[in-house]
Enquirer: 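Can you keep this structure in mind? I'll have questions shortly.
In listed order, ligands and their atoms are each counted from 1.
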Amino acid sequence: MKSLRDLELKGKRVLMRVDFNVPTDKENNILDDTKITAALPTIKYVLAHRGKLILMSHLGRPGGKKNGKYSLDKVAAHLSSLLSLPVIKMDDCIGEEVQQAVQKLQEGQVLLLENVRYYEGEEKNDPGFSRQLAALGEIFINDAFGTAHRAHSSTSGIADFLPTYAGFLMENEVAMLRKALGEGEKPRMAILGGAKVADKLGLIRNLLDKMDIILIGGGMANTFLKAQNKNVGKSLCEDNLLDEARSIIQAAQDKKVRLVLPQDVVVADAISADARAEIVDVDGVGSDKMVLDIGPKTIEAYLELINEARTVVWNGPLGVFEYDQFAQGTRAITQALAASSATTVIGGGDTSVIVHDLGLEEGITHISTGGGATLEFLEGIELPGVAVCEH
Ligand code: AMP
């Protein structure tokens with residue numbers, strides 16, 4: 001990847017795409033600032049090297065129209081307090097006024113443009129819009145890994161007009177996910193959970209070529225268990241994917257990948273806080289039951305395998321972790337990964353939330369900041385926002 005470390009930044013107008021798409025409440029207050037803090041190393045580096053920094057991001061889905069509900073005003077105020085520096089906030093992301101402000105920007109100053117999704121051109125990756133954004137800077141830095149799976153003007157189109165480099169967050173995400181996928185030490189393991197096989201088919205297929213061991217849990221395990229003629233009762237199960245699951249099991253055998261399924265499970269009549277949880281063997285699931293977590297024997301077997309692995313990537317909870325009595329498997333796996341000396345990579349979304357809730361971030365080598373972007377990367381898809389930093 002082309003790194004900004006190789007650049008002379010002093011006095012340059014540096015246009016940087018960040019992912020400040022933070023969760024907000026109805027008054028636009030920021031509920032979690034992880035995405036902002038994740039971009040601070042690159043921001044501080046540019047400012048310390050006396051660049052003139054112009055930041056741009058999207059927030060929510062204003063659908064190509066100006067709408068105060070999706071303004072970045074509060075993000076600007078929060079960034080200013082994190083940096084202990086004034087942040088010049090524009091009410092637009094293109095146009096005369098913005099151009100003038102950018103021309104007046106001094107070395108070491110930072111300016112934040114308004115939501116780029118106020119314009120239809122952004123999501124359409126319209127070259128006219130890309131050119132207007134590009135005109136604001138002399139160098140483009142993409143540090144928005146979380147939006148890298150979108151080919152939009154501010155993430156990819158703009159690279160047709162400006163020399164393009166990866167920010168530190170982007171660089172680190174790509175390096176760690178590449179490590180998890182094939183550059184890391186062997187044995188390499190993937191732990192896959194979450195609701196559905198349908199959402200993760202591309203992921204499983206790609207991982208079959210990269211991993212030595214794949215552990216399955218969560219709702220998706222049910223489809224694999226049923227494909228092996230086990231009764232899964234009323235569980236979440238994708239009957240239309242039974243053949244696909246069998247073909248994955250066969251492919252794993254052919255490729256000498258150990259695809260491991262639960263031996264015992266936690267079942268209940270309903271997904272609710274007061275549902276009575278019961279542990280049964282995978283051959284003993286009653287027709288009126290739902291499989292909602294992996295059982296203690298399975299946890300033990302998975303923990304032993306985790307001990308063997310040198311590189312582990314994990315995506316998706318192993319049970320309905322939102323309820324205490326179905327969260328044991330997910331918790332045990334999180335704790336084991338945090339205690340492991342292997343390179344451990346957590347693949348975004350729900351799985352990162354669990355690690356944060358348990359306060360175990362310190363023990364994990366890398367927690368990806370992307371949701372969809374991380375998943376697509378792990379599926380082996382070339383992300384447009386990454387590609388522009390490489391060519
Ligand atoms: P995903 O977005 O695919 O990672 O799925 C996350 C969701 O899967 C969580 O909300 C979990 O409650 C759900 N989940 C995990 N295990 C099961 C299961 N055995 N049955 C139903 N849902 C599950």
Side-chain angles (χ1 to χ4, degrees), residues 23 146 149 190-207 214-228 230-239 241-242 244-245 248 260-273 275-282 284-299 302 313-334 337 345-358 367-379:
H149 56 318
I191 306 172
L192 300 180
K196 289 191 187 162
V197 177
D199 299 338
K200 313 243 164 119
L201 272 179
L203 178 64
I204 302 172
R205 290 278 177 201
N206 191 40
L207 294 179
I214 300 179
L215 309 183
I216 309 263
M220 60 191 282
N222 302 336
T223 303
F224 282 96
L225 289 172
K226 188 159 180 184
Q228 293 192 317
K230 311 274 185 214
N231 183 13
V232 295
K234 292 190 298 170
S235 302
L236 174 68
C237 181
E238 297 149 280
D239 286 329
L241 289 179
L242 294 178
E244 184 72 41
I248 289 169
V260 191
L261 297 173
Q263 310 165 21
D264 62 344
V265 288
V266 178
V267 296
D269 293 332
I271 302 178
S272 67
R276 205 173 62 84
E278 210 184 320
I279 295 158
V280 296
D281 199 81
V282 282
V285 178
S287 297
D288 56 342
K289 298 287 184 191
M290 289 182 200
V291 173
L292 298 173
D293 197 5
I294 55 173
K297 272 197 282 180
T298 307
I299 293 178
Y302 284 11
V313 58
W314 177 28
N315 180 279
L318 300 174
V320 182
F321 72 101
E322 293 91 340
Y323 296 94
D324 231 28
Q325 69 271 47
F326 313 123
Q328 301 309 320
T330 305
R331 283 193 194 139
I333 296 297
T334 314
L337 291 183
V345 177
I346 304 279
D350 272 345
T351 327
S352 337
V353 174
I354 295 158
V355 179
H356 289 300
D357 284 352
L358 291 174
I367 302 173
S368 182
T369 56
T374 307
L375 208 55
E376 286 194 24
F377 194 102
L378 293 174
E379 283 176 28

Enquirer: Of all the non-hydrogen atoms in the protein, which one sits nearest to atom 8 (O) of ligand 1, and at what distance?
Expert: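 Here the nearest protein heavy atom works out to Ala195 N, 3.3 Å.
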
Enquirer: To check your reading of the model: name the closest protein heavy atom to atom 15 (C) of ligand 1, its residue, and the distance in Å.
Expert: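 That would be Gly319 O, 3.1 Å.
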
Enquirer: Looking only at heavy atoms, is any part of Met290 under 4.0 Å from ligand 1, and if so is it the side chain, the backbone, or both, or is it neither?
Expert: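 Within the 4.0 Å criterion, Met290 makes no contact with ligand 1.
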
Enquirer: Which protein non-hydrogen atom lies closest to atom 12 (O) of ligand 1, naming both residue and atom, and how far is it?
Expert: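 Sorting protein heavy atoms by distance from atom 12 (O) of ligand 1 puts Glu322 OE1, 2.6 Å first.
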
Enquirer: Does any N or O in the side chain of Asp264 come within less than 3.5 Å of the main-chain N or O of Thr298, such that one atom is a donor and the other an acceptor?
Expert: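 Yes; judged by distance alone, with no hydrogens or angles, the pair exists.
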
Enquirer: Under 4.0 Å from ligand 1, counting heavy atoms only, is it the side chain of Asp350, its backbone, both or neither?
Expert: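 It is the side chain that gets close, since no backbone atom is under 4.0 Å.
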
Enquirer: Return the residue, atom name and 0.1 Å-rounded distance of the protein heavy atom closest to atom 17 (C) of ligand 1.
Expert: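 Ranking protein heavy atoms by distance from atom 17 (C) of ligand 1, first comes Gly219 N, 3.2 Å.
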
Enquirer: Keeping Thr223 on the side-chain end and Glu238 on the backbone end, is there a donor-acceptor pair under 3.5 Å?
Expert: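 Checked: pair present.
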
Enquirer: Could you tell me whether a side-chain N or O of Asn222 sits under 3.5 Å from a main-chain N or O of Val232, the two making a donor and an acceptor?
Expert: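 It does not hold such a pair.
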
Enquirer: State plainly whether the residues Asp281 and Lys230 are in salt-bridge range, i.e. N to O under 4.0 Å.
Expert: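 No, Asp281 and Lys230 are not salt-bridged.
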
Enquirer: Going through the distances and angles, do Asp357 and Arg331 end up as a salt bridge (Lys or Arg N to Asp or Glu O under 4.0 Å)?
Expert: CA-CA 10 Å; Asp357 284 352; Arg331 283 193 194 139; over 6 Å; no

Enquirer: Measure the distances from the heavy atoms of Pro317 to every atom of ligand 1 and state whether one is below 4.0 angstrom.
Expert: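 In this structure, Pro317 qualifies as a contact of ligand 1 - some heavy atom is under 4.0 Å.
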
Enquirer: Have a look at ligand 1 and work out which part of Val291, if any, has a heavy atom under 4.0 Å from it: side chain, backbone, both or neither.
Expert: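 Under 4.0 Å from ligand 1, Val291 contributes backbone atoms alone.
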
Enquirer: Is there a heavy atom in Lys200 that sits closer than 4.0 Å to ligand 1?
Expert: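 Within the 4.0 Å threshold, so yes.
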
Enquirer: Is any side-chain heavy atom of Arg205 less than 4.5 Å from a side-chain heavy atom of Ile248?
Expert: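 SC-SC contact between Arg205 and Ile248 confirmed.
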
Enquirer: Looking at atom 22 (N) of ligand 1, what's its closest protein heavy atom, distance included?
Expert: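 Minimum-distance protein heavy atom for atom 22 (N) of ligand 1 reads Val320 CG2, 3.6 Å.
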
Enquirer: Can you establish whether the number of heavy atoms outside Lys196 located under 6.0 Å from its atom NZ is more than 12?
Expert: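 For Lys196, atom NZ is not crowded (no more than 12 foreign heavy atoms under 6.0 Å).
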
